[in-house]
Colleague: 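What follows is a structure written as structure tokens; I'll ask about it next.
We name chains A, B, ... by the order of the sequence lines, and we start the count at 1 in each one.
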Amino acid sequence: MSQEKAVAGGDDIVDEESASRALSEQQLVRRQKLAKLQAEGRDPFAQLTWNHSHHSADIKRDFEALENKDVSIAGRVMSFRDIGKAAFVDLQDRDGRVQVYLNAEALGDEVYAHIKTWDVGDIVGVEGFVFRTRRGEISVHAKRMVLLTKALEPLPEKFHGLKDPEIRYRRRYLDLVMNPQVMDTFKKRTLIIKAIREYLDSREYIEVDTPILSTIASGAAARPFVTKSNALNLQLYLRIATELYLKRCIVGGMERVYDMGKNFRNEGIDIRHNPEFTMIELYQAYADYKDMMELCENMVAYAAEKATGSAKVMYQGTEIDLSPPWRRLTMVDAVKEYGKLDFGAVKTDAEAQDIAKKHGLEHELKKKLKDCTKGDILNAAFEKYAEEHLIQPTFIMDYPADISPLTKQKPGDPTMTERFEAFIYGRELANAYSELNDPIVQLERFQQQSRERELGDDEAYMFDEDFISSLEVGMPPTGGMGIGVDRLIMFLTDAYSIRDVILFPTMKPV
RNA sequence: GGGCCGUUAGCUCAGCUGGUAGAGCAGCAGACUCUUAAUCUGCGGGUCGCAGGUUCGAUCCCUGCACGGCUCACCA
């Protein structure tokens with residue numbers, strides 16, 4: 001093989017590996033180059049540190065001040081233009097790219113010859129002075145260049161990049177290297193999460209960690225993941241919500257708490273659902289759902305400004321204005337407006353069932369029609385007629401009590417609750433209540449959920465006896481809210497799929 | 001779970017109702033001291049996702065499977 005003649009040494013190692021791993025020609029060439037470097041005592045994997053003084057963005061931003069001054073940079077070789085006794089290298093670091101200029105005169109012929117063992121994808125350190133090329137490109141003229149890590153696999157194509165979604169999600173490191181907008185999205189993700197913490201911390205919220213493992217997965221309607229403790233010989237669930245633990249913190253007197261972290265729901269996977277996802281739940285004593293509405297719109301607008309510089313964002317070609325105040329609409333009014341149905345005039349479940357039949361709502365309902373309450377049917381009508389129209393941020397207020405087992409009833413109407421959901425682009429973003437703190441009513445609601453579980457609804461809320469006990473100790477009137485953090489990040493980064501805002505989304509093994 | 005689509009070189013993609021595959025980038029050899037999708041000359045690189053079937057012959061047609069994408073359903 002001609003490459004073996006061209007690059008001496010290390011053939012035994014290469015042959016052994018190729019037998020077990022079926023290396024491509026390009027992988028073999030790079031291993032041979034590595035073996036040569038190691039044989040010469042220049043093993044890139046023996047490098048320990050590199051002191052770098054600047055990142056690529058610093059050099060471009062502060063060019064005036066840095067011109068002709070020495071800098072030390074490091075990064076990945078993204079392209080290599082060898083023109084004989086000189087070469088241009090595009091070096092990529094955390095912030096972007098900067099060009100490096102190498103020539104034999106500055107480096108010496110012997111050192112310059114080392115570039116024969118460099119490839120696109122390698123990680124190098126460069127020391128040199130900052131200058132502008134004749135074509136105007138801000139560059140670093142290398143006086144010293146050290147191979148810090150050898151890439152044994154070639155990078156995807158430099159012009160078209162990496163497109164295959166399967167490789168992008170499975171091998172996110174390649175996606176991050178090749179697609180700058182991916183790096184940008186995940187930097188924004190950090191800014192958004194930081195902004196949320198800042199916003200709450202500055203309002204005297206305490207951030208707490210509640211259990212992920214527990215014997216009861218309650219606080220939401222969802223199927224949990226099941227696991228097992230060897231030490232306790234006990235079946236445990238991964239949490240589906242943090243609600244019941246955070247309310248215990250309120251009972252204990254913390255007054256304002258939140259938990260931002262992963263929840264796990266053993267359900268379908270699509271562009272809006274990943275089995276593990278980030279959720280923030282927050283609870284504020286002596287507040288109600290109207291206070292939560294104000295908190296929601298202000299906090300989201302704050303996060304948007306911190307991450308994107310504006311409260312107006314473009315999402316999939318539509319401008320979304322997150323500036324408060326957001327539109328407020330009751331569920332009954334939303335169904336009246338978009339579905340031309342007046343549930344305010346409906347008195348009985350039977351009347352509602354007639355409407356459901358007339359409007360073909362059976363498909364939207366989980367239960368048999370005769371078991372459906374007016375509340376179930378109102379919710380179905382809302383989902384069918386109204387939800388998709390809620391493009392600009394909208395609070396839908398006052399949900400039926402039947403579908404809100406942890407929520408305080410509306411004064412004067414026990415069939416409805418003080419609950420809202422925030423919708424943007426037709427999708428739910430937040431869910432909030434005036435929290436139910438009456439232990440006797442809460443017990444009845446749990447008992448109702450247990451009956452539904454016995455009837456086969458394995459998403460009905462699990463009964464949590466200690467939570468009832470905590471309410472018996474006394475929870476002050478409290479407003480609480482949950483926000484799907486990944487979904488918020490989707491809006492603020494214009495991401496089509498939730499997989500584009502989760503670094504390592506859940507995938508089947510190949 | 002249903003439907004549609006995809007899987008060909010390291011990457012991005014071609015491949016004609018069937019005759020065992022091409023391009024660009026990347027790689028290798030050579031030339032070139034201001035290039036930037038560098039350029040020029042030459043060369044190598046394939047289990048056509050996997051398993052069956054039809055056929056003289058399958059990347060191509062059929063069946064099944066795997067993985068992925070979109071979508072509907074389920075689901076916050």
Colleague: Centre-to-centre under 6.0 Å for A:Tyr289 and A:Tyr399, is that the case here?
Modeller: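 No.
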
Colleague: When the distance from CZ of A:Arg31 to P of B:G27 is rounded to whole Å, what number comes out?
Modeller: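 Taking CZ of A:Arg31 and P of B:G27, I get 17 Å after rounding.
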
Colleague: Nearest 0.5 Å, please: how far is OG1 in A:Thr506 from CG in A:Asn274?
Modeller: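 Here the rounded value is 4.0 Å.
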
Colleague: With rounding to the nearest 0.5 Å, note down the distance linking OH in A:Tyr258 to CE in A:Met279.
Modeller: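 Between atom OH of A:Tyr258 and atom CE of A:Met279 there are 15.5 Å.
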
Colleague: Under a 3.5 Å cut-off for both distances, is B:A29 Watson-Crick or wobble paired, and to whom?
Modeller: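 Its partner is B:U41.
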
Colleague: So, OP1 or OP2 of B:C40: does either fall under 4.0 Å of a side-chain N or O from A:Arg81?
Modeller: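 No.
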
Colleague: If the P atom of B:G64 is compared with that of B:G3, how far apart are they to the nearest Å?
Modeller: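 Nearest-Å result for B:G64 against B:G3 at atom P: 10 Å.
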
Colleague: Which residue lies toward the 5' end of RNA chain B, A:Val89 or A:Ser497, if each is placed at its nearest nucleotide?
Modeller: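 In this pair, the answer is A:Val89.
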
Colleague: Rounding to an integer number of angstrom, what distance separates B:U71 and B:G46 when you compare their C1' atoms?
Modeller: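 To the nearest whole Å, 34 Å.
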
Colleague: Whole-Å distance between B:U36 P and A:Leu102 CG?
Modeller: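 My rounded result for the distance is 16 Å.
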
Colleague: Taking B:G68 as the reference, what is the distance to B:C50 when you measure between their C1' atoms (whole Å, please)?
Modeller: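 Approximately 15 Å lies between the C1' atom of B:C50 and that of B:G68.
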
Colleague: Please report, rounded to the nearest Å, how far the C1' atom of B:G69 is from the CD1 atom of A:Ile269.
Modeller: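 It works out to 14 Å between those atoms.
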
Colleague: Please list, in numerical order, the residues of residues 168-183 of chain A that have a heavy atom closer than 4.0 Å to any atom of RNA chain B.
Modeller: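 Output list: A:Tyr169, A:Arg170.
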
Colleague: Evaluate salt bridge (charged side-chain N to carboxylate O under 4.0 Å, His left out) for A:Glu276 paired with A:Lys262, printing each intermediate quantity in order.
Modeller: CA-CA 6 Å; A:Glu276 56 176 303; A:Lys262 288 278 180 75; 2.8 Å; yes

Colleague: Counting any heavy atom closer than 4.0 Å, what does A:Ala87 reach on the DNA or RNA strands: base, sugar-phosphate only, or nothing?
Modeller: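 It contacts nothing in the nucleic acid.
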
Colleague: 5'-most contact on RNA chain B: A:Ala220 or A:Gln99, nearest heavy atom basis?
Modeller: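 Between the two, 5'-proximity favours A:Gln99.
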
Colleague: Find the partner of B:C67: check Watson-Crick (N1-N3 plus N6-O4 or O6-N4) and G-U wobble (N1-O2, O6-N3) distances, both under 3.5 Å, and reply none if neither fits.
Modeller: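 Matched B:C67 with B:G6 under the 3.5 Å cut-off.
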
Colleague: Please tell me whether A:Asp500 and A:Ser497 have a donor and an acceptor in their side chains that are separated by less than 3.5 angstrom.
Modeller: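 Short answer, no.
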
Colleague: Return the OH to CE distance between A:Tyr496 and A:Met490, rounded to the nearest 0.5 Å.
Modeller: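 If I round to the nearest 0.5 Å, the distance is 9.0 Å.
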
Colleague: Is the closest basic N to carboxylate O distance between A:Arg239 and A:Asp259 below 4.0 Å?
Modeller: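 The answer is yes: the pair qualifies as a salt bridge.
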
Colleague: Nearest-Å distance, CZ (A:Arg30) to C1' (B:G45)?
Modeller: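 Taking atom C1' of B:G45 as the reference, CZ of A:Arg30 is at 15 Å.
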
Colleague: What is the distance from NZ of A:Lys33 to P of B:G27, rounded to the nearest Å?
Modeller: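 Value for this atom pair: 7 Å.
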
Colleague: I need the A:Glu297 CD to A:Phe395 CZ distance, nearest 0.5 Å.
Modeller: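 With rounding to 0.5 Å, CD (A:Glu297) is 4.5 Å from CZ (A:Phe395).
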
Colleague: With a 3.5 angstrom cut-off on both distances, give the Watson-Crick or G-U wobble partner of B:U36, or none if there isn't one.
Modeller: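 Partner of B:U36: none found under 3.5 Å.
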
Colleague: Quick one: A:Ile83 CD1 to B:U36 P, roughly how many Å, whole number?
Modeller: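 To the nearest whole Å, that distance equals 9 Å.
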
Colleague: Determine the Euclidean distance between corresponding C1' atoms of B:G15 and B:U59; express it in Å to zero decimal places.
Modeller: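 Here B:U59 and B:G15 have their C1' atoms 9 Å from each other.
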
Colleague: Between CG of A:Leu329 and CG of A:Asp398, what distance do you get to the nearest 0.5 Å?
Modeller: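 The CG atom of A:Asp398 is 10.0 Å from CG of A:Leu329, to the nearest 0.5 Å.
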
Colleague: Using the P atom as the reference point in each nucleotide, state the distance between B:U17 and B:C61 in Å, no decimals.
Modeller: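 11 Å, rounded to whole Å.
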
Colleague: Write down the distance between CD (A:Glu428) and P (B:C75), rounded to a whole number of angstrom.
Modeller: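 That distance rounds to 14 Å.
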
Colleague: For a quick test of reading the model, state the closest non-hydrogen atom pair linking A:Leu322 to A:Ala304 and the distance between them.
Modeller: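 Taking every non-hydrogen atom into account, CD1-CB, 3.8 Å.
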
Colleague: Say you pick atom C1' in B:C60 and the same atom in B:G53; how far apart are they, in whole Å?
Modeller: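 So the two C1' atoms sit 15 Å from each other.
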
Colleague: In whole Å, what is the span from the CG atom of A:Asn266 to the C1' atom of B:C74?
Modeller: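 After rounding, the reported distance stands at 13 Å.
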
Colleague: Between B:G68, B:U35, B:A73, which one does the side chain of A:Phe88 approach most closely?
Modeller: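 Selected nucleotide: B:U35.
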
Colleague: Output the residues of residues 127-147 of chain A in contact with RNA chain B, where contact means a heavy atom of the residue under 4.0 Å from an atom of the strand; sort by number or write none.
Modeller: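 Per residue number, the list reads A:Phe131, A:Thr133, A:Arg134, A:Arg135, A:Glu137.
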
Colleague: Got a salt bridge between A:Asp402 and A:Lys374, using NZ or NE/NH1/NH2 to carboxylate O under 4.0 Å?
Modeller: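 Here A:Asp402 does not pair with A:Lys374 in a salt bridge, since their nearest N and O are not under 4.0 Å apart.
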
Colleague: With both distances kept under 3.5 Å, what pairs with B:G19, Watson-Crick or G-U wobble?
Modeller: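 B:C56 is the nucleotide pairing with B:G19.
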
Colleague: Exactly one of A:Asp184, A:Thr493, A:Asp486 should register a side-chain hydrogen bond (donor to acceptor under 3.5 Å, both in side chains) with A:Arg189. Which one does?
Modeller: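 Among the candidates, only A:Asp486 passes.
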
Colleague: How far does OG of A:Ser139 sit from NZ of A:Lys60, to the nearest 0.5 angstrom?
Modeller: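 Going from OG on A:Ser139 over to NZ on A:Lys60, the span is 9.0 Å.
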
Colleague: Hunt down the Watson-Crick or G-U wobble partner of B:G1, both distances under 3.5 Å, from any strand shown, or write none.
Modeller: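 Because both required distances fall under 3.5 Å, B:G1 counts as paired with B:C72.
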
Colleague: Once each nucleotide of nucleotides 8-13 of chain B is scored for protein heavy atoms under 4.0 Å, what B/S/- sequence comes out, 5' to 3'?
Modeller: --BBSS

Colleague: Which value, in whole Å, describes the distance between the P atoms of nucleotides B:G24 and B:A31?
Modeller: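 Taking atom P in both B:G24 and B:A31, they lie 23 Å apart.
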
